[in-house]
Every structure is written in structure tokens, then in C-alpha cells.
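Proteins get letters first, then strands, A, B, ... in listed order; numbering begins at 1 in each. On a predicted model such as this, the values are computed, not experimentally measured, just so you know.
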There are 2 protein chains.
Amino acid sequence: MTSRRPPTAQQFVLEELRRAITTGRLRPGEPIRQEVLAGELDVSRVPLREALKTLQGEGLVGHRAHRGYFVEQLSLDDLREVYLIRDLLEAEAVRRAVGRLTDAGLAAAETAQAEVERAAEAADVLAMAEANRRFHMAIFECAGLPRLVRLIRTLWDSTDAYRSVYYAEEHNRQRVIEEHRATLDLLRRRDAEGAVALLAGHRAAAVQAIESMLG
Amino acid sequence: MTSRRPPTAQQFVLEELRRAITTGRLRPGEPIRQEVLAGELDVSRVPLREALKTLQGEGLVGHRAHRGYFVEQLSLDDLREVYLIRDLLEAEAVRRAVGRLTDAGLAAAETAQAEVERAAEAADVLAMAEANRRFHMAIFECAGLPRLVRLIRTLWDSTDAYRSVYYAEEHNRQRVIEEHRATLDLLRRRDAEGAVALLAGHRAAAVQAIESMLG
DNA sequence: TATTTGGATTTTGGATCCAAAATACAGGAA
DNA sequence: TTCCTGTATTTTGGATCCAAAATCCAAATA
């Protein structure tokens, strides 16, 4: 996992910004001073502004004319809304995925799950979040609905910060692993509704745990 | 409807670009030459590029590093996928909207519907598309789920071009008016499932008509 | 004292300029 | 002829510079 530098400054800035927001180095509500941030990242303001535009599209930052960008804070209501939308979209994605599940697709999910377990053992929260994402996306990809998957991906992006919090606790990591294993079982049996229900519970557990940690 | 000029060049460019794409003046697959387009709109390339970034986020244009932007073409499969996603999201939006429907919300929808009928009578396709959008959004807004509404709005954006085609035909316009009236009836009676079903049919009719016009 | 108003400062939005990557094309070798 | 190769041109990506809007702060007024 040697993370090489992206080919364009804009993509580099985009990654750095995502990290800064999800790790909380750029705090919610806080206005983004382009000059200083550009200085820190050692780029000009132009690629920074374009990266901010894409983040605005994803809902991670907001923008007001002549006032500039600011980190969008997710209220608890927002978090619930994102998960509601995910419920709607991911249920359909999983249903379709089971219908046209390939060996390659299943293998991709299994590989990702192995990485999840390795990361969990090492208590590497960041790596676990990444592998977990690959696991779920591998399944969604099988649905053959690229736009749907893209949408789901941006929803995940907007709640990255909270998921890291969730993985910080050992018993949550264990729970995720078990639910993933059960999911793989259901997929192998082509049990669509079972998988849909299980993953709905998977999400509900996460959102509930996060709520109790913050509320 | 005196369309005043937006306060910032970037927003102006954004509107113009949307129009250019949905009306087909910028054709799908065609690469976007920033210099010439900036010249035509009489702005520099900077606000143009930022506007393109937001359109990229909405899926209207694509981008490849060092190759530039190009208009994304919606295949028929893409169109179907967008409508599938809309089915999922709008069903939930309507369900919630009926549950917490206010007099003000209903009034907003009725006002929009009056505009739809006026535009249809004048055979003003563009005005009808706009009013139609206000009608549906007025209903969705009642759900009290701003992120969901925002998502639905971007999905509408990405298929604007096709909807104009649909409204071009007289009998489609009549059909829309009747379905809207029936929808308002169901809303007044707080019949959520009825409204959900009707609007699902509303969308299915549109996508089917568009398919037959193009296929 | 509280409020408003005018200008100085900061910060964003936009234009111009420069560098680097990709494309187009001409010429030469197999 | 066809394919490769090196170079000129085009086009994008990024840096710098300028203008306009917003904020801040102090002084004047009620």
C-alpha cells in the first residue's frame, strides 16, 4: 500500500482535504481560508478551489458567494437521513447484485473481507475502513448499475468521519467481521432478501452506536 | 419570470452550460474546448472550469486528466437507471411528504400546477418543464428531508434533455396535467400509497414514451 | 453607552500568464 | 505502402496578478 502521489495537484489536494475533514483536522463549521490552506499544501489556490468544488458536490463542504467555503457539519438528523437514503439504495443494489452474482464478484468480496479481518486484528482503523468499503462496493458493483454505485459511494464519503469513530471500538470491529461473514454465506446461497435484511441491520447497528457515542 | 443575471460569473456560466447541454447545443461525447467556450460566454477559463467541476459532480460532464471535459451521453440504459433510482428515492419522499403535509405545502403544489396548465396551454415546453419541476419538488420538500430532495434534484438535472423531448408532444402534456390533478386529489385525501403508485406510473409512462421516441 | 458610519484590511472571484501533457503531423526506415 | 519517430502545435493544469465584495475596527453621533 505505498500511496504514490497522484498525477495532478488537484487530485492530491482532493485526497488531502478528504483526510483533513474526516479526521477532523478541518473542523465542521469552520471557514476555509484558501490562502493558508494552499500554502500548507504547497499549491496555488486554483487547484484547491476546484477540489473544493467537487467536495461541495459531495456535500462535504458548503459555499456561499463571496463568503467562501466552509466544512459542512453533519447533524445527527443529517446522519440519519444519509443512512435512510443508503437503506433505500443499497437494498436495491444488493437485490440486483445477488441476481447476477459472478464468481469473480464473490471472490472480490472475499478478498476484501480477508483484508478487513487483517486490519481489525492489527487494530488499524483507517485500513479497516478502507477494506470495509471495498467489501461492500465489491458486492454493489455486481448489480451492474454504475450510477447507483457512484451515488452510494458519495453517500459513504459524506459520513466517513463517523465511521472511523465506529471502528475505534474493539467490539464494533468484531461485530462487523461477523456480519460480513454471515453476509458472504447468504450471498453464496443466493439469498437476496436475507442479505438485504442482514445488511439493513448492519447499518442500523452502526448508526445506533454512533448516535449513542455522540448523543 | 424576468431572469436576472446571477451575481457571479460562475453561476451564470453554470446556467448557460446546463441549457447548452440539455438543448443539445453541446453534443454528447463532444470534447469541451475551454478557450472557445469561455470566449463565447465572455468570461475567463477559471469560472468556466469551476462550473464544469460542479457539472462533473452531477454526472452531466465527464473529465479525464490532461484530456479535458466532455459532455457525458446518457445511453438508454443510463436513462433507465436514473429512473430506477428516482423510483426508490421519490417513493420514500412522497410517503413521508404525505405524512407531514401542510396547507402551505399543498398550496405550493397547487400553485405550481396552475403554472403547468398555463404553460401547457401556451405550448411553452421550457416553462412547462420548469413548472412541472416546481410541482414535484413542492411535494418532496414536505418530507422534511433536505438531502434526499437535493439528490432527487440532481437526478432530474441529469435527464433534463429527455424531459423536454417528452413535453414536445401535445398528448404527453395533457397526460401530465391529468396525472398531476389526480395526484393533488390523493394528497388532499392523505392517501400516501395511492400517490406513490400514481407517481410511479407517471414516471414509467414518461420513460416508456421517451424510449419509443428514441429507440 | 449603544449604534451607526466610514474607511482600512482581508478574502474571495476572476483574468492573465506560464508550464507540462497530449495530439497532430511530417519525414524517414522497413 | 505502412509503421515508427521526432517535432510543432494545441490544450489543459497551475501560478500569479488584479478587482470586487465582505469583514473589521475606530471614530462620530444620538
Side-chain angles (χ1 to χ4, degrees), chain A residues 3-21 24-73 157, chain B residues 3-21 25-73 154 157:
Chain A
S3 68
R4 53 181 180 67
R5 178 128 179 181
T8 135
Q10 201 181 123
Q11 287 171 40
F12 165 70
V13 171
L14 194 57
E15 288 181 14
E16 287 301 310
L17 273 177
R18 278 223 181 83
R19 207 188 320 280
I21 293 174
R25 255 199 42 242
L26 253 47
R27 270 176 305 185
E30 192 176 343
I32 292 172
R33 299 296 166 213
Q34 302 178 1
E35 192 96 39
V36 306
L37 201 54
E40 284 175 18
L41 297 172
D42 198 41
V43 295
S44 86
R45 282 176 48 219
V46 175
L48 171 62
R49 276 159 59 179
E50 295 198 22
L52 285 167
K53 260 288 163 260
T54 68
L55 290 180
Q56 185 190 358
E58 296 175 7
L60 269 167
V61 305
H63 177 261
R64 299 184 58 100
H66 301 118
R67 293 255 189 103
Y69 295 89
F70 53 91
V71 181
E72 203 64 90
Q73 72 252 20
D157 283 336
Chain B
S3 67
R4 54 182 177 65
R5 177 127 179 183
T8 132
Q10 201 182 122
Q11 287 172 41
F12 165 70
V13 170
L14 193 57
E15 289 180 15
E16 287 300 311
L17 231 41
R18 278 223 182 81
R19 208 189 318 280
I21 292 174
R25 254 198 43 242
L26 251 47
R27 271 175 303 183
E30 189 176 346
I32 292 172
R33 298 296 166 213
Q34 302 178 1
E35 193 97 40
V36 308
L37 201 53
E40 284 174 17
L41 297 172
D42 197 41
V43 294
S44 88
R45 280 176 49 217
V46 175
L48 170 63
R49 275 160 59 180
E50 295 198 21
L52 286 168
K53 260 288 164 260
T54 69
L55 290 180
Q56 185 191 358
E58 296 175 8
L60 268 166
V61 305
H63 177 260
R64 299 183 60 99
H66 300 118
R67 295 254 188 106
Y69 295 89
F70 53 91
V71 181
E72 202 65 89
Q73 69 251 23
T154 68
D157 283 337

Nearest whole angstrom, please: distance from the P of D:dG14 to the CD of A:Gln34.
16 Å
Check whether any side-chain N or O of B:Arg45 sits under 4.0 Å from OP1 or OP2 of D:dG14, and answer yes or no.
no
What's the CG-C1' distance between A:Leu41 and D:dG14, to the nearest Å?
14 Å
Could you check whether any side-chain heavy atom of B:Ile21 comes within less than 4.5 Å of a side-chain heavy atom of B:Leu55, counting everything from C-beta outward?
yes
At 4.0 Å (heavy atoms only), tell me whether A:Arg67 reaches a base, stays on the sugar-phosphate, or touches nothing.
sugar-phosphate
Return the value, rounded to whole Å, for the distance between atom CZ of B:Arg64 and atom P of C:dA21.
17 Å
For the pair B:Glu40 and B:Leu37, evaluate side-chain contact (heavy atoms from CB on, under 4.5 Å) and give the outcome as yes or no after the intermediate values.
CA-CA 5 Å; B:Glu40 284 174 17; B:Leu37 201 53; 3.9 Å; yes
Hey, which of these two, A:Ala65 or B:His63, hits DNA chain D nearer its 5' end, going by closest nucleotide?
B:His63
Which atom pair, heavy atoms only, marks the closest approach of B:Gln73 to B:Pro28?
CB-CB, 3.2 Å
Base, sugar-phosphate alone, or nothing: which one does A:Ile32 contact when heavy atoms must sit under 4.0 Å apart?
sugar-phosphate
Test: B:Glu16 and B:Arg19 ion pair at under 4.0 Å:
yes
Hey, which sits more toward the 5' end of DNA chain D by its nearest nucleotide, B:Arg33 or A:Asp42?
B:Arg33
Sugar-phosphate only, base, or nothing, as touched by B:Glu50 at under 4.0 Å among non-hydrogen atoms
nothing
Rounded to whole angstrom units, what separation is found between the CZ atom of B:Phe70 and the C1' atom of C:dA22?
15 Å
Any B:Gln10 side-chain nitrogen or oxygen under 4.0 Å from OP1 or OP2 of C:dG14:
yes
Rounded to whole angstroms, how far apart are CD on A:Gln11 and P on C:dA21?
14 Å
Using whole Å, report how far CD of A:Glu35 lies from P of C:dG13.
13 Å
Which heavy atom of A:Gln56 sits nearest a heavy atom of A:Tyr69, and at what distance?
OE1-CE2, 4.0 Å
D:dC24 C1' sits how many Å from A:His66 NE2, rounded?
18 Å
From CZ of B:Arg49 across to C1' of D:dG14 the rounded distance in Å is 7 Å
Closer than 4.0 Å, any side-chain N/O of A:Ser44 to the OP1 or OP2 of D:dA15?
yes
